Structures are given as C-alpha cells and as structure tokens.
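Before any comments, here is the structure.
Because only heavy atoms are used, hydrogens play no part in the values below, and waters and symmetry mates are left out as well, while side chains stay in. Protein chains get the first letters and strands the later ones, always in sequence-line order, with residue 1 at the start of each. Computed from a prediction, not measured in an experiment: that's the story for all the values here.
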2 protein chains.
Amino acid sequence: MATNRTETWLRKLKENGYRLTASRKAVMEVITSSQFVLSPLQVYELARKRYQKLGLVTVYRTIDKLVELNLIQRVHQPSGCQGFVPASMGHQHLLICTECGIVSYFSGENESINPLVKNVENSSGYSIKSHWFQLFGICSDCQIPQKTDSTI
Amino acid sequence: MATNRTETWLRKLKENGYRLTASRKAVMEVITSSQFVLSPLQVYELARKRYQKLGLVTVYRTIDKLVELNLIQRVHQPSGCQGFVPASMGHQHLLICTECGIVSYFSGENESINPLVKNVENSSGYSIKSHWFQLFGICSDCQIPQKTDSTI
DNA sequence: TTTTATGCAAAGTATTTGCACGGGA
DNA sequence: TCCCGTGCAAATACTTTGCATAAAA
C-alpha cells in the first residue's frame, strides 16, 4: 500500500523525467514507510517482499536517484554511514535512538544554532555553507528495560 | 621529525602496553602533522615516505589502535566517512573547508548547544547521550580566488 | 627469549559497471 | 515503437583475516 508520501515521491520522479517502475515503487514504499535507518541491503530485503524480482543493483541505483531528488538522505552514525531515511522537509536535524534505531527529526535553528554559526564564522573567517547537527540517545520506549527490541 | 604531539602519542601507546615500532611511528607522525582529513590510503602513501617497508594493513591496524586510545577520530563528511584527524582535546566540534579540506576545531557547548539539547530531551522524552555538530564552509585562504589548491 | 607486530596474500564486504533483455510511455 | 530501466555477472573498491617471519622488550 502506498502512503501519501509515496504518492508525492512518485509524482516527483515523473516530473523529473524518470519512469515509474515496480522496482522503484517497491524501494520507495519501503523507505517511506520505515521509521528506521535502512541500509541498501535492508531496503533490498524488505522491498523484495513487495516485488520479488527486484535486484540489489536497482536498489543502489534507485537510492542514488532519491538522494539526487532530495527525497531521502544519508544518515551518518558512529557505526557507519550506509543508512538512509526520508529527507525531512525544510532543514531539520536527526535524533536517533541508539537502541532501536528509530529516527525522528527536530529543528532548532533560530534559537540556538544560527547565532553559534555566526560566532564561528566571525571568529574563524570561514564562509560557512552548511552544518550537521545530530543527536544520539535512547528513546522513551527503549528506556523501559523490558522492551528493548524492535521490528521494522 | 616527531612533533610534541607524536611524543605524547608514543607515550600513551607505551602506557597501554603497545610496542613502539617504526611503522606506528610513521603513521602517527603523518596524522599528527596533517591539518587535513586523511584516508587510510593517504596515510599509507604519506607514511611510506618516512618508512618504506610499511604495509597498508598496518596502517589500518594502527588507525584502529589510535581510535581506541582516543588519539584520532573518524570524520564524517557528505563525501564519505573514511577520513581521520587528530582527536581534539576535550569536546570540540569540527569546522571543515570544503575547498581544501583543512580541518579546525571549535567549541560552543554552554552558550548554545546544551540548552538546545535539553529542550529536545524534554520535548522528545529521549535520554540524549551524545551529539554531533560539524560546520562546512570555505576557509579564508580559499575565499581568495587565486589560491584554491593545497598541499598536505 | 618471549611475545607482539608486521607484511604479504587471500578472503570478505560493499558498491559500481557492462550489457543484453524487458517493460514503461 | 522507442528508449529507459532492469537484473545478472563481473569488476572494482575498501577493509579484514590467516599465517609465517621480523623485531620490540
């Protein structure tokens, strides 16, 4: 079942002259509907449940396109950076649970980050183009000892 | 020539029961004396100028040890995360020039980041364990059009 | 002398490319 | 029909492991 987000994505693909194929649909639906960081291999395994003939290579190629269209983003973590999540709308930052891997977004530009960036810009002489800000922690569900595992 | 930092590193290696070898010295001196993010392969190439017999495998193994001893840290960038720089003392953040790759450090905890982290912690219910904050921009040297390239 | 560290070769992973076929538009 | 997209196989990184030798302590 395609979510609203998938619809949007499919439209955006079309707008950019890409074809709508079963493979792409399967890959998009998997990433769209996941709250967790997924590696290409995980995407492949999950998407094959929706479209048996899918190949891993196509997953890589589709991921490239989705990144290019700014529909998904690569997530960097201490454990590696081969994971992807849907791109947040506007500029948002990631909050990642190191227990279950669930990802949420937050923003905090004006109040805190922008002034700091300005400070650094002034004192360093750099022209600052972008920033990364990510938080790692334990989500409320994972703080309850009994419930540590998760499904995608 | 060994810098002061290299001396410190060699001492720390010794303290932790590791042997001081020509290979390790070469690797450490290269990373210590570079202002730039270096990949294992780059470290290998540079360190071989100091110690011809060095093997790439030893570079990987030495990097592991240096990370473990908290003497170097992995740097995450949009282009990938196989680079390393000396670990900053205390908790600092990275400012990376996307033109020449030079890395510098800044701090900005109390004034801005801590309150934001607290906010997110309260509103999300997460127990936040760590954060990443990195800035990307163009350093003052690279802002002068004539001088864009760099050497390591 | 003892034991760690090294370098080489080989084995794993992860990702990309070449190419003929299949399926969207 | 036309041509993009696909899957397979192979190629290419990148990194780790096994093992006999070299070298630090």
Using a cut-off of strictly less than 4.0 Å, decide whether [X] has a side-chain nitrogen or oxygen near OP1 or OP2 of [N].
X	N	value
Tyr60(A)	dT16(C)	no
Ser23(B)	dA5(C)	no
Lys53(A)	dG23(C)	yes
Arg24(B)	dA5(C)	yes

Examine the side chains of [X] and [Y] and answer whether a donor and an acceptor come within less than 3.5 Å of each other.
X	Y	value
His131(A)	His93(B)	no
Lys129(B)	Ser127(B)	yes
Tyr18(B)	Glu68(B)	yes

Is Arg11(B) paired with Glu15(B) through a side-chain N to carboxylate O contact shorter than 4.0 Å?
yes
Considering only NZ, NE, NH1 and NH2 on the basic side and carboxylate oxygens on the acidic side, decide whether Lys118(B) and Glu121(B) come within less than 4.0 Å.
yes
Span of DNA chain D engaged by chain A, first through last nucleotide within the 4.0 Å heavy-atom cut-off, is dC3(D) to dA9(D)
Length of the [atom1]-[atom2] vector between [X] and [N], whole Å:
X	N	atom1	atom2	value
Gln42(A)	dA14(C)	CD	P	11 Å
Lys25(A)	dG24(C)	NZ	P	10 Å
Lys65(A)	dT16(C)	NZ	P	12 Å
Tyr18(A)	dG23(C)	OH	C1'	19 Å
Glu45(A)	dA14(C)	CD	P	11 Å
Leu56(B)	dT6(C)	CG	P	13 Å

Heavy atoms from C-beta onward define the side chain here; which of dT6(C), dT3(C), dA25(C) lies closest to that of Leu20(A)?
dA25(C)
Should the SG of Cys81(B) and the SG of Cys81(A) be checked, would they turn out to be under 2.5 Å apart?
yes
Using a cut-off of 4.0 Å on non-hydrogen atoms, how would the nucleic acid contact of [X] be classed: base, sugar-phosphate, or nothing?
X	answer
Tyr51(A)	sugar-phosphate
Arg61(A)	base
Leu54(A)	sugar-phosphate

5' precedence on DNA chain D between Arg19(B) and Leu41(B) (nearest-nucleotide basis):
Leu41(B)
Tell me, please, which residues at least two apart from Lys53(B) pass side chain to side chain donor-acceptor pair (under 3.5 Å).
none
